[in-house]
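Notes follow once the structure below has been shown.
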Amino acid sequence: MKLRRRAIACALFASAGLSLAASQAMAQAVKVGIIGPFSGPFAHYGALFKASAEAYVGSQGGKLAGHDIEFIYRDTGGPNPGLAKTLAQELIVKDKVDYLGGFVFTPNAMAVAPLIQQSQTPTLIFNAGTSSITEKSEYFVRTSYTLWQVTVPMAQWAAKQNMKRVVTAVTDYGPGIDAETAFKTEFGKQGGTVVESIRMPIGTTDFGPFVQRIKASGAQAVFTFLPGGPPNLGFVKAYNENGLAKAGVQFLGTTETDEFDLQKFGDSALGLTTALHYSGAHESPANKKFVDALKKRDSAAVANYASVGAWDGMYVIHKMIEATGGKRDGAKALAAARGLKWESPRGPVSIDPKTRHITQNVYLRKVERVGDLLVNKELQSFGPQTDYGLDK
Amino acid sequence: MNTFLNIMIDGLAYSMVLFVISVGLSVTLGLMRFVNLSHGAFAMVGGYCAALLTREAQWSFWLAVPAAVAATAVLGAALEMLVLRHLYRRKELDQVLFTIGLSFVLIAATNAAVGPQVQLIPLPSLLAGSVDLGFRTLPTQRLLVIAAGCTVAALAAWAVTRTRFGIWLRATVDHSGTASTLGIPIRTVQCASFAAGAALAGLGGILGAELMPLEPYYALKYLMLVLVVVAVGGMGSIAGTLVAAILLGLIETASKYLASEWGSLFFFVAMAVLLAWRPNGLLKR
Amino acid sequence: MNTITTTEALAAPAAATAAAAPRGAPAWRAPLVVLVLGAAACALAPDQLGLMTRIFITALLVLSLDLVVGVAGLATLGHAALFGVGAYAAGIFALQVHPDPLIGLAVGIAAGAGLALLSGAFLLRYHGFTFLMLTVAVSQILLSLAQRARGWTGGDDGLSGFVMVPLLGRFEFDLEGRVAACYALAVLVVLFYVARRLVGSPFGLAVRGIHENPVRMAALGTPVFRRLWVLYTVAGAIAGAAGALSAQTNAVVGLDSLSFALSAELLVMLILGGAGRLTGAIVGATVFTLLHHTAASINPYHWLFVVGTLLMLVVVVSPAKVWAWVRRRAGGVR
């Protein structure tokens with residue numbers, strides 16, 4: 001028994017030593033820790049973050065503000081706040097990262113808030129969409145979007161189309177509830193009614209029953225939000241297969257026509273209307289540069305809201321490195337980030353100095369076929385939108 | 001009334017998928033007392049084979065599905081003969097550990113080979129459309145699922161009651177020692193049933209691909225559901241598995257229609273009640 | 001199928017150690033070794049204390065599982081429920097009432113024990129596979145309830161926003177995690193000692209007897225159900241303690257603490273280390289967590305290969321036999 005214990009103790013020390021050794025590798029580089037899902041059903045987010053972040057550094061000539069960048073990737077698997085906190089703690093204390101980035105799931109971001117506040121580590125949110133995250137720490141800067149931000153213009157547009165009765169169907173978790181509340185509030189302000197609010201459990205894979213409920217509600221349109229990945233695919237398929245479009249229920253979505261899965265829908269996706277801050281088909285030189293750099297880095301990567309979130313996140317980190325001269329100074333970096341304005345692949349954007357959230361254009365898009373591929377064609381721009389969820 | 005019919009139809013489709021996947025595990029558990037937690041992996045393998053054959057190799061759906069099912073059966077038989085049967089005498093916890101390890105390896109292999117995205121099985125035009133039933137539109141694929149499930153149930157019932165193999169199977173489940181002294185080839189029965197169970201799981205994975213998306217974690221994600229159906233229905237009882245799958249499938253669908261904010265609460269409450277009432281299975285005493 | 005025997009039959013070379021026999025090494029020896037090793041590990045890796053804390057908490061949780069699975073012989077796949085309920089109770093207490101660590105720990109222990117008491121009254125009437133599936137049902141029902149009660153638990157966003165006050169009024173929870181690691185280690189060592197004493201006591205012997213042959217024990221006059229119920233409650237208390245520790249050191253509680261995946265992982269860790277001897281629980285938890293951490297940081301996509309292969313290997317080539325072979329080579333037959 002003692003023999004086994006001794007052996008285990010040796011193994012313990014050895015592995016600790018190994019990981020200690022590995023981190024001594026690069027000395028003067030600026031370290032950026034990326035926390036996201038690299039395994040499991042949402043692993044594509046991690047792959048996109050990685051491809052995009054590295055593509056950005058490549059597009060700037062391999063160095064940002066004259067400094068080498070060392071990326072350290074850590075896998076949370078899924079929403080796992082305890083693990084996210086342990087990983088962030090290790091990145092901050094052991095690997096001594098200068099910046100943190102990533103975060104797909106709200107609970108993971110919430111969990112690291114006290115850590116980044118205490119250690120003054122600027123943290124870029126590449127994807128998570130719940131408004132209240134940025135309030136948890138002064139060191140959060142968000143380059144993704146929030147549900148209020150994209151839903152309010154959608155509700156306004158729906159009202160302008162003379163829609164009076166809409167049903168909402170969202171996934172039953174933070175961002176989903178944000179979307180539902182945002183739509184209800186704004187649509188109500190514009191004089192419409194939300195006839196039913198359907199909340200779908202987060203593990204749902206079979207959306208048939210929910211789609212039947214939508215049909216039975218007698219609404220003119222369904223506004224929906226789903227977390228991205230398999231649920232989006234399932235919902236859109238159920239919408240098509242159960243003949244909702246034919247029954248006259250228009251589709252009002254946000255991330256459901258994600259470029260990542262879009263091609264899988266085939267022609268059944270044509271005509272789906274969504275409102276979002278980024279379309280891979282956005283026509284601008286900045287977007288072309290982004291798409292080309294991304295494809296060069298990883299031919300399997302797609303340009304979607306997740307990869308552009310990472311790209312713009314790296315832009316902000318770039319500016320922060322410039323402002324601090326590559327040294328670790330959280331307060332100075334944040335000061336540089338507040339009020340930043342630039343032309344992103346998604347359009348003109350800026351970082352709101354008060355809320356540290358990205359103010360950006362939200363577009364109305366429709367799925368169309370261009371050549372061989374399905375794209376989200378931007379029909380109109382709603383103009384710059386802030387995070388309405390924080391204005392209350 | 002509309003809602004009731006909807007629940008019946010959607011619920012039946014879901015139940016059939018659960019039944020087809022679970023029946024193999026029920027028989028294996030009842031027959032060999034072997035806790036095979038890699039059963040979900042067979043469903044996944046069947047689905048993936050069908051997806052890859054139809055999408056990449058451009059085979060016809062009607063050819064690819066039987067081929068995928070056959071491939072899963074071969075995989076099941078090979079695993080059983082080479083590896084798993086050495087574990088029959090081991091303790092349950094060892095079997096649990098080994099088969100979970102096997103599932104992990106299969107998940108990682110699938111991820112490495114094909115990637116983490118959801119695999120769609122392209123349906124032939126006959127099945128890809130929707131059927132207008134008057135009160136609702138139903139994807140044609142769901143009808144296929146219900147029909148296939150009923151067929152499997154009928155075939156299984158026939159095979160177990162009317163064929164010699166069925167008699168051997170029932171005898172071995174009841175008491176393998178006596179069966180073997182009577183000259184019944186136990187090893188053949190075990191291997192063949194395991195392969196058949198794996199094949200059915202593969203078929204279930206293909207049929208259920210619309211309801212339970214195929215991605216690498218499939219093997220463990222739906223394992224719990226399958227275990228629940230087997231437990232409630234009773235190990236080794238095909239009829240019990242059918243009844244359990246239908247009951248639980250209907251309850252889960254009904255709760256999606258009527259009380260979706262409660263998630264799967266009613267499913268598990270029903271399961272607990274049924275299991276507490278009939279601990280050895282619904283149709284056993 | 002309905003009785004599950006311990007791994008003691010395989011652990012022949014380990015038969016000389018304390019936990020297997022009623023008389024043997026004193027109960028404080030193994031906990032003392034854990035204390036020394038744990039402290040040494042923390043001293044040698046001062047920038048990975050978050051990982052150390054995680055290991056201590058997981059070890060405590062798997063220890064409580066060992067009481068149920070290894071000692072009492074009740075295979076359960078719902079143990080995460082006891083952990084989660086302790087975590088949420090401690091978290092909600094810290095958020096709504098008072099964020100003191102030790103009081104929160106007591107709340108977590110009470111919650112875990114309470115749930116075990118209530119659910120055990122129902123669950124322990126069943127055996128084998130039925131019991132296993134009913135534990136799954138109980139923990140999934142709790143998960144659904146926690147998801148529904150967003151106002152209390154935060155639902156899928158997790159429970160956060162509470163900041164713990166300094167431990168014992170003096171030790172503030174610092175960024176590097178020093179206080180958290182010491183706190184977790186201390187609780188682990190104390191509860192490990194308690195568990196050892198329990199298992200070595202006449203009560204523990206009775207439970208072992210029930211594990212091996214419930215009918216005979218009943219014939220001897222042992223109130224079988226009551227003994228198992230008490231043991232389950234104690235295991236629930238320890239799991240609740242682990243939950244409270246997790247809530248306090250992470251300052252966040254997620255729904256993953258009630259998940260089936262966690263229960264399954266715990267069982268795997270326990271079987272890996274060897275069930276029934278309590279020390280196996282700690283070894284299994286440590287090895288698995290370290291492995292996951294190292295493999296995942298090297299390559300998050302493929303760590304499952306490593307773990308899966310290891311699990312299969314461990315079953316095929318039993319570690320107990322390997323150690324026996326090593327000992328024979330190292331000198332002398334035992």
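By convention in this document, chain letters (A, B, ...) are assigned in the order of the sequence lines, proteins followed by strands, and residues within each chain are numbered from 1. Everything numeric in this text was worked out from a predicted model, so none of it was measured. We use all heavy atoms of the structure for the numbers below, so side chains are in, but hydrogens, waters and symmetry mates are not.
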Show the nearest heavy-atom pair for residues [X] and [Y], with the distance to one decimal.
| X | Y | answer |
| --- | --- | --- |
| C:Phe305 | B:Ala112 | CE1-CB, 4.2 Å |
| C:Ser144 | B:Leu265 | OG-N, 3.5 Å |
| B:Met271 | C:Ala137 | SD-CB, 3.5 Å |
| B:Leu275 | C:Tyr126 | O-CE2, 4.4 Å |
| B:Val228 | C:Met133 | N-CE, 3.5 Å |

Quick one: pull up [atom1] in [X] and [atom2] in [Y] and give me the separation to the nearest 0.5 Å.
| X | Y | atom1 | atom2 | answer |
| --- | --- | --- | --- | --- |
| B:Asp94 | C:Leu311 | CG | CG | 11.5 Å |
| B:Gln95 | C:Ile271 | CD | CD1 | 10.5 Å |
| B:Asn111 | C:Leu304 | CG | CG | 8.0 Å |
| B:Phe266 | C:Ile141 | CZ | CD1 | 10.5 Å |

Kindly indicate whether the side chain of C:Gln140, heavy atoms from C-beta on, has any atom under 4.5 Å from the side chain of B:Met224.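 They are in contact (side-chain heavy atoms under 4.5 Å apart), so the answer is yes.
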Taking atom CZ of C:Arg226 as the centre, report whether more than 12 heavy atoms of other residues, nucleotides or ligands fall under 6.0 Å from it.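 No, not enclosed.
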More than 12 heavy atoms of other groups within 6.0 Å of B:Arg170 CZ: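 Counting other residues, nucleotides and ligands, CZ of B:Arg170 exceeds 12 neighbours.
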Give, as side chain, backbone, both or neither, the part of C:Phe131 having an atom under 4.5 angstrom from any heavy atom of chain B.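 Neither part, no heavy atoms under 4.5 Å.
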ring-ring contact (aromatic ring centres under 6.0 Å, His included) involving B:Phe42 - partner list, sequence neighbours excluded: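 With neighbours one apart ignored, the set is B:Phe194.
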Can you say whether B:Leu223 sits under 4.5 Å from chain C via the side chain, the backbone, both, or neither, judging by heavy atoms?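 B:Leu223 has no heavy atom closer than 4.5 Å to chain C.
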When B:Leu97, B:Val232, B:Val105 are compared by non-hydrogen pairs under 4.5 Å with chain C, the top option: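 Highest number of pairs under 4.5 Å: B:Leu97.
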According to the side chain to side chain donor-acceptor pair (under 3.5 Å) rule, which pairs have a member within residues 64-74 of chain C, sequence neighbours left out?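 Output for this query lists C:Ser64-C:His79.
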